[in-house]
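A single structure is presented below for examination.
In this text the structure is predicted, and so the values were computed from the model without any measurement.
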Amino acid sequence: MGSLFSELLLLGARVDFQDFVLAALLLLGVAIGLLALVVSNWKNGATRRLLRRMFGRNYRERPVVSRSFSKLDLPNVRRAIEAYVQQHGAELMVRSVGGRVNLADSGLTDTGESYVQVDIDVDEREDCLMNAVWLVRGPGIVRAILTAGHASLMEVMAPTREEAGECLQELRRLIRQHSVYRGRVISIEARSCGDDYESVTATGGTHVRFHRLPPVASDAIVLPEDTMKRIKRNTVGFFQKVDRLKQHGFSARRGLLFHGPPGTGKTRTACWLTHSLPGVTVFLVTGEQLWNIRESCQLARELAPAMLILEDVDLIATRRDASFQTTALHQLMNEMDGLDSASELLFLLTTNQPDQIEQALANRPGRIDQAIHFPLPDDQCRQRLVELYSNQSTLQISDWPTLLKRTSGASPAFIKELVRKAAMISVESSDEPSDALVLNDEHFREACAEMTSGDGSITRRLTGFAAPPV
């Protein structure tokens, strides 16, 4: 009996000891969890502590003013904030945040830096912070600026609502002033399935594409003198004098229509203009981009002075009685009507078929202010074109009248191809290499015959040859 009682006591002691160990381990686990939670809250609450230090313990009661910004402006936000800090002589601290992205929300937490790549020039990209708090402190100034890239939202916290609102307005002005798009040649395009940024949702369904067009010299535009004079007055001259026009109460908005047969230099002239308007942002709105006319006009207003080039506008501006697809046409007319007259904008529309354009667009002052016809080159212009396109070649033309007669009714595009074909014939007819390439009457005669005989009728149509060959 005594031995049995002793065994029971030992068993009870072992059970009590196991319960004690289990309880101790449980308490230790809870303590470690609580400690980890405290450490995590401390680590992830650095931005909230900085806000308390700047605005006091009740910082969440401070006024906050918010406003959305275009997702296309993501690369411009940092530039605007840095310019704001510099002009106020303040210091800047940047914190990457997550959670409920709101300055007055207790769920605002610090996270690892998250970036999205955005184009800022041809073949140049920039890593832009997605969600960040920018803390600004300086003499007499304290601001907290939150930028939420996914939500396209900007918030400003300041001691008073007036100060927060003024800061937000100043930042919007600086975003436009320091935009990476200002003064560039750009287009707004929809993202395709093959776009390597398709997975990035920060910039939505569209992105800005930069263009670097080849330079075109003024003397490379071969047009009648009076036509060139009208073009310069309504484009280069317009932007040079637009400030004075506004001072006297005239509209700063203008619409031009370039029309004429194919290959007469409309696109080449538009390309020359992109290099002749310093400080003017140029929007290329061609092909599929014609369906993004609303987005292009919105950004153009922000970046004025700007010029929108709508090539082959008849693709979307066909007469309404001849087309069932009028959505883009209505958007274009609404944008041209809805623009503030003080916006320094020039709409440059081109077409080969002016008779097909909707009359409500073409015949209404305020939308199209002037139409400029690009004629087929006369004898003098065709000779200038031959000389222009011959490049480094040596021209030995003894019978200009015959060559000009053969090319009567030819477009500049036809003349360009004629000179190139004459150069090919010259190279083929000479077996000895030479630094000088000579183009003579016979080369042009053979080239012209090849381009206008047999299947040459197709070539003539493609290059804008309006008249039958002589």
Side-chain angles (χ1 to χ4, degrees), residues 47 51 60 62-85 92 94-105 107-109 111 114-120 126-136 143-158 160-182 186 188-191 197 199-208 281 283 292-304 306 331 334-335 338-340 343:
T47 300
L51 290 172
R60 289 199 293 270
R62 295 290 185 177
V64 174
V65 178
S66 63
R67 188 165 181 172
S68 62
F69 65 91
S70 171
K71 292 179 179 180
L72 298 176
D73 275 326
L74 196 59
N76 305 319
V77 168
R78 176 183 62 82
R79 290 166 172 79
I81 294 175
E82 291 177 348
Y84 180 83
V85 170
L92 178 65
V94 186
R95 306 289 303 183
S96 185
V97 295
R100 292 188 291 273
V101 185
N102 186 297
L103 282 173
D105 199 311
L108 187 69
T109 58
T111 63
S114 177
Y115 295 90
V116 59
Q117 279 196 341
V118 180
D119 290 347
I120 61 171
E126 180 176 293
D127 295 334
C128 301
L129 266 174
M130 287 301 297
N131 302 323
V133 173
W134 313 72
L135 304 171
V136 182
R143 304 283 187 271
I145 305 166
L146 180 140
T147 55
H150 285 297
S152 297
L153 181 69
M154 178 180 291
E155 291 186 345
V156 175
M157 178 182 287
T160 67
R161 189 181 68 179
E162 290 74 17
E163 290 176 305
E166 291 173 359
C167 176
L168 191 58
Q169 287 297 108
E170 181 66 11
L171 287 173
R172 285 176 56 82
R173 185 189 69 80
L174 291 170
I175 284 176
R176 295 192 295 269
Q177 179 181 340
H178 295 276
S179 174
V180 297
Y181 311 128
R182 182 171 295 280
I186 60 177
I188 295 183
E189 302 181 358
R191 295 189 181 280
Y197 295 109
S199 60
V200 178
T201 59
T203 54
T206 58
H207 72 288
V208 175
T281 306
F283 289 78
N292 297 323
I293 185 63
R294 180 173 175 269
E295 292 80 2
S296 297
C297 289
Q298 286 178 341
L299 188 55
R301 283 193 291 267
E302 298 287 328
L303 299 175
Q331 285 186 348
N334 289 339
E335 290 296 333
L339 290 174
D340 182 5
S343 299

Worksheet item: How long is the span from the CG atom in D73 to the OG atom in S152, to the nearest 0.5 Å?
Response: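 Spacing of CG (D73) from OG (S152) equals 9.5 Å.
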Practice prompt. Check the pair S179 / L303 against side chain to side chain contact (heavy atoms under 4.5 Å, CB included), numbers first and verdict last.
Written response: CA-CA 8 Å; S179 174; L303 299 175; 3.6 Å; yes
Practice prompt. Compare every heavy atom of I175 with every heavy atom of A80, then report the nearest pair and how far apart it is.
Written response: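 Where A80 meets I175 most closely, the heavy atoms are CB-CG1, 3.5 Å.
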Fill in: side chain to side chain contact (heavy atoms under 4.5 Å, CB included) involving A306 - partner list, sequence neighbours excluded
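A306: side chain to side chain contact (heavy atoms under 4.5 Å, CB included) contacts with T281, F283, A300, L345.
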Worksheet entry | Non-neighbouring partners of R79 that pass salt bridge (Lys or Arg N to Asp or Glu O under 4.0 Å), sequence neighbours left out |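 Salt bridge (Lys or Arg N to Asp or Glu O under 4.0 Å) list for R79, sorted by chain: E126.
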Discussion item. Counting only heavy atoms not in R173 (residues, nucleotides, ligands), do more than 12 fall under 6.0 Å from its CZ?
Written reply: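 Yes, because the 6.0 Å sphere around CZ of R173 holds more than 12 heavy atoms from other groups.
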Discussion item. Going by side chain to side chain contact (heavy atoms under 4.5 Å, CB included), name the residues that satisfy it together with T160, two or more places apart in sequence or in a different chain.
Written reply: E162, E163
Worksheet, complete the sentence: Shortest non-hydrogen pair, L72 vs H207, comes out as CD2-CA, 4.0 Å
Worksheet item: Just how far is it from atom CG of L108 to atom OG1 of T47, taken to the nearest 0.5 Å?
Response: 6.0 Å
Fill in: Residues forming a salt bridge (Lys or Arg N to Asp or Glu O under 4.0 Å) with E155, sequence neighbours excluded
none
Fill in: Pairwise distance CG(D127) to CD1(I120) - rounded to 0.5 angstrom
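Nearest 0.5 Å value for the CG-CD1 distance: 9.5 Å.
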Practice prompt. For E82, enumerate each residue passing the side chain to side chain contact (heavy atoms under 4.5 Å, CB included) test, keeping only those at least two apart in sequence or located in another chain.
Written response: R78, L92
Worksheet, complete the sentence: Scanning both residues in full, the closest heavy-atom pair of V156 with A164 reads O-CB, 3.6 Å
Worksheet item: Can you list the steps and then say if R182 with Q177 is a side-chain hydrogen bond (donor to acceptor under 3.5 Å, both in side chains)?
Response: CA-CA 8 Å; R182 182 171 295 280; Q177 179 181 340; over 6 Å; no
Practice prompt. Might you point out which heavy atoms bring V180 and P75 nearest each other, and give the distance in Å?
Written response: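 Shortest heavy-atom separation between V180 and P75 comes out as CG2-CG, 4.1 Å.
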Practice prompt. Quick one: pull up OG in S296 and CZ in R301 and give me the separation to the nearest 0.5 Å.
Written response: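 Spacing of OG (S296) from CZ (R301) equals 11.0 Å.
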Worksheet entry | M130 side, atom CE; L74 side, atom CG - distance, nearest 0.5 Å |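 If we round to the nearest 0.5 Å, M130:CE and L74:CG are 6.0 Å apart.
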Response to the item:
On a heavy-atom basis, the closest approach of R143 and A158 is CD-CB, 3.8 Å
Item to complete: Output all residues satisfying side chain to side chain contact (heavy atoms under 4.5 Å, CB included) with A148, sequence neighbours left out; order by chain, then residue number.
Response: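 Partners of A148 under the side chain to side chain contact (heavy atoms under 4.5 Å, CB included) test: V101, N131, L146, A151, L153.
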Worksheet item: Has the side chain of R95 got a donor or acceptor atom that lies under 3.5 Å from a matching backbone atom of V133?
Response: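 A pair under 3.5 Å: no.
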Practice prompt. Mind checking the CD-CD spacing from E295 to Q298? Nearest 0.5 Å is all I need.
Written response: 6.5 Å
Fill in: Smallest separation among heavy atoms of D119 and Y181, with atom names
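Of all heavy-atom pairs spanning D119 and Y181, the closest is O-CE2, 4.5 Å.
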Item to complete: With the side chain counted from C-beta on, respond yes when V118 and V208 share a heavy-atom pair under 4.5 Å apart, and no when they do not.
Response: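 SC-SC contact between V118 and V208 ruled out.
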Practice prompt. Kindly indicate, with the supporting measurements, whether the criterion side chain to side chain contact (heavy atoms under 4.5 Å, CB included) is fulfilled by I81 and T147.
Written response: CA-CA 10 Å; I81 294 175; T147 55; 4.3 Å; yes
